[in-house]
2 protein chains.
Amino acid sequence: MSSSPERVTIKDVAARAGVSKGAVSLAFNHKPGVSEATRERIFAVARELGWAPSATARSLSSRRVDIVGLALCRPARLLGLEPFYMDFISGIESVLAERSCSLLLRLVRDLDEEIALYKEWWRGRMIAGAILVDFRQDDPRVPSLQGLGMPAVAVGHPSLTGPFPAVWTDDASAVTEAVRYLAALGHRRIARVGGPHDLGHSAIRARAFADTVQELGLEEARQIGTGFDEKEGARATRTLLLAADRPTAIVYDNDIMAVAGAGVAAEMGLTVPDDLSLLAWDDSQLCRITHPTLSAMSHDVHHFGAEVARVLFDVVAGTHTGGHQVPTPSLIPRGSTAPAPGAGPS
Amino acid sequence: MSSSPERVTIKDVAARAGVSKGAVSLAFNHKPGVSEATRERIFAVARELGWAPSATARSLSSRRVDIVGLALCRPARLLGLEPFYMDFISGIESVLAERSCSLLLRLVRDLDEEIALYKEWWRGRMIAGAILVDFRQDDPRVPSLQGLGMPAVAVGHPSLTGPFPAVWTDDASAVTEAVRYLAALGHRRIARVGGPHDLGHSAIRARAFADTVQELGLEEARQIGTGFDEKEGARATRTLLLAADRPTAIVYDNDIMAVAGAGVAAEMGLTVPDDLSLLAWDDSQLCRITHPTLSAMSHDVHHFGAEVARVLFDVVAGTHTGGHQVPTPSLIPRGSTAPAPGAGPS
DNA sequence: AGCCGGCAGTTAACCGGTAAAGCTCAGATT
DNA sequence: AATCTGAGCTTTACCGGTTAACTGCCGGCT
């Protein structure tokens, strides 16, 4: 009710409890040095006055903060569209919330801005640690941030993340499994619609894809790198399907592009899965509600995010024991994959 | 490269530039009191040393912060599933990023925790302002937070948000339009699957729905309140369709439940839209990729989020000029709505 | 000459905590 | 009796900025 926002500080609590600021601080941080009786009196006064320590002030003098930072270098629009992010973030949040931590989120335009932001956040004691995502090959964040001493966990394959503890899925194995599966269905021309070339996990998948295709003696594979959104997924699919020797199966790097691809197939008069098999990645709900449903390389993105947050807490606490690999995406066959046209049942 | 993280502070910059801390502060805040020459020298030194003011320290002494807070009182899982949130958040971020602001995000279990959190954030100068969502009727946040003097924008109808500047969509008109549309198609038994009863906008929609049904002389309408997720949407749909006088059209409060509802209809052997019309809300991509595509009350959630952020900046700056209504959701007819079974084309 | 005004800076207090060092005094030790 | 100990606080110095008040100095006006 009081419209005058006089802030109550530790000094008020101390005065009212008849002790010094220091005693209040000790009491609230559960450190020895105050008697049980005094501690309780202090807590009672604090409750009465509605006081809780100011996180800002605390982080200035001590080093404790209850915030972790996440900068995303992607266009805002895409963020809202792709199910992956929110699921990932919700996984992070589920762990943070348990420990009364918040997530500081910011969109940046490029990696330089991202580097500057993390430096600022860390220097200013804004965050206890950071989550780094979307690693490139020779990512500039590795040299720029590694000297900082900032606790961080990197989402990506250890070959990309430098000295940062990594949490990753074994994309190479998953790609291999995907290609093997399609090959077993008789497909000999398999294409792949991936993310941007410079993105580390895209490159890893591309290499694994090419290797597996060669290993199985399939026809030379076409791979297209895109920007992850539906428009680019559709465009890439169109390109692939218009080629003289169009593929009989396409693997996508996320689910949104696969859905778009299904649309393109329909628009071009191709029946999925009879004329064309499609295999999505990430496997959000999207895959289950299309018609036909989309087969996908599925992994639990929510859990992935949670694991990332858990590792970050370990790193911050200094109890980190090494990189974590979360389960490899596994194939969920649904309605969008079938034996290749003309091929007998394998 | 230096593994010793000696933080460079304003003092270092001052010393190196041969001036006092105060001068550096003045220069960096573009306040009068330093000559152009000195200002430039200070900036040069700052760049050389890689210094930028610490947001934490600044927010302690002055009142400036570049963070806005958002607490969400929903289960983490749902966050990842429902497209609405991420789209909304991405809209917010798109505006924040323009102004080098970050979003402080936290999941809470209940409104008491949310209230405590906002108090803590505000008291501790953690945030410049807050975004309040999911208003209940007689929302406890109104009395608890209004005395704080914390700049905030409320996402919800002004009848719910007390003294907080509101940004909202005209749900009542949208519901009316939806019911009128279905009635015009000949539907006389229309049901609604809404959100939780205690959620303000659910109540508003429920009332508008009942009113319009009565006004048009339709049969008494069945409405079910749920928890917004797919399981509950499916369950509610099943309940409605198993009733003796099952509806010929159902309106949903979001898209996820509508999609689930379509699944249930199929499972029960009903053809959409011939036997049953479905109308979704929010209209994310989900609605466009199902089969049949879902008609929806569509609004631009991304833009909604952006508008909320813009209003918040106005409120923080003290230049706020009144609540903002963003465009009313409008009907996008797609493949899931058709004339009622037995009814001639209207 | 004396005074005023304003620019360009400096000083010092303060924001709200934490943490190390210091103080006091009761009870145990020698 | 003198000294040591440790529990229980208080004092004080930060953390890294901002800001109000103050100082010095130069030029212009009366």
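Distance Arg58(B) CZ to dG16(C) P: 17 Å, rounded to the nearest Å. Between Lys31(A) atom NZ and dT10(D) atom P there is a gap of 17 Å when expressed in whole angstrom units. Rounded to whole Å, atom P of dG16(C) lies 7 Å from atom CZ of Arg7(A). Per the geometry, CH2 belonging to Trp121(B) stands 20 Å off P belonging to dG16(C), to the nearest Å. Atom NE2 of His30(A) is separated from atom P of dA19(C) by 15 Å (rounded to the nearest Å). Atom pair Arg125(A):CZ and dG16(C):P shows a separation of 19 Å (rounding to whole Å applied). Rounded to a whole Å, the CD1 atom of Ile10(A) is 16 Å from the C1' atom of dC14(C). The distance between atom CE of Met126(B) and atom P of dG16(C), rounded to the nearest whole Å, is 14 Å.
Asp138(A) is linked by a side-chain contact (heavy atoms from CB on, under 4.5 Å) to nothing, counting only residues two or more places apart in sequence or in another chain. With sequence neighbours excluded, the residues satisfying salt bridge (charged side-chain N to carboxylate O under 4.0 Å, His left out) with Arg77(B) are Asp300(A). Contacts of Phe135(B) classified as ring-ring contact (aromatic ring centres under 6.0 Å, His included), with partners at least two apart in sequence or in another chain: none. With sequence neighbours left out, Glu114(A) forms a side chain to side chain donor-acceptor pair (under 3.5 Å) with Arg141(A). Residues meeting the side-chain contact (heavy atoms from CB on, under 4.5 Å) test with Arg74(B), sequence neighbours left out: Leu78(B), Glu82(B), Tyr85(B), Asp134(B), Leu199(B), Phe228(B). Applying the side chain to side chain donor-acceptor pair (under 3.5 Å) test to Ser35(A) and every residue at least two apart in sequence or in another chain returns Thr38(A). Shown here are the salt bridge (charged side-chain N to carboxylate O under 4.0 Å, His left out) partners of Arg64(A), two or more places apart in sequence or in another chain: there are none.
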Show me the donor-acceptor pairs, under 3.5 Å and distance only, between side chains in residues 305-315 of chain B and residues at least two apart or in other chains.
unit_1	atom_1	unit_2	atom_2	d
Glu307(B)	OE1	Arg310(B)	NH1	2.7
Glu307(B)	OE2	His324(B)	ND1	3.1

Per-pair distances, 0.1 Å, donor-acceptor, side chain in residues 152-162 of chain A, under 3.5 Å, sequence neighbours excluded:
unit_1	atom_1	unit_2	atom_2	d
His157(A)	ND1	Ser159(A)	N	3.0
His157(A)	ND1	Ser159(A)	OG	2.8
Thr161(A)	OG1	Phe164(A)	O	3.4

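Rounded to 10 degrees, the angle separating the terminal axes of the helix from dA1(C)-dT30(D) to dT30(C)-dA1(D) is 70°, with each axis obtained from five end pairs.
Taking the six-membered ring where tryptophan is involved, the planes of Trp51(B) and Phe28(B) are perpendicular, since the angle between them exceeds 60° and thus also 30°.
The side chain of Trp51(B) contributes no N or O atom lying less than 4.0 Å from OP1 or OP2 of dG16(D). Distances shorter than 4.0 Å separate none of the side-chain N or O atoms of Lys11(B) from OP1 or OP2 on dG17(D).
Within 4.0 Å (heavy atoms only), Ser25(B) reaches at least one base atom of the nucleic acid. Using a 4.0 Å heavy-atom cutoff across all strands shown, Lys21(B) reaches at least one base atom of the nucleic acid.
Taken to the nearest 0.5 Å, the CH2 atom of Trp168(B) stands 5.0 Å off from the CD atom of Gln325(B). Taking NZ from Lys119(A) and CG from Leu148(A), the interatomic distance works out to 6.5 Å, rounded to the nearest 0.5 Å.
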Would you tabulate the nitrogen or oxygen pairs shorter than 3.5 Å linking the protein to nucleotides 4-9 of chain C?
unit_1	atom_1	unit_2	atom_2	d
dG9(C)	OP1	Thr38(B)	OG1	3.0
dG9(C)	OP2	Ser35(B)	N	2.5
dG9(C)	OP2	Ser35(B)	OG	2.9
dG9(C)	OP2	Thr38(B)	OG1	2.9

I'd like a list of close polar pairs between nucleotides 21-24 of chain D and the protein, N/O only, cut-off under 3.5 Å.
none

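Of the two residues contacting DNA chain C, namely Arg64(A) and Gly22(B), the nearest-nucleotide position lying further toward the 5' end is that of Gly22(B).
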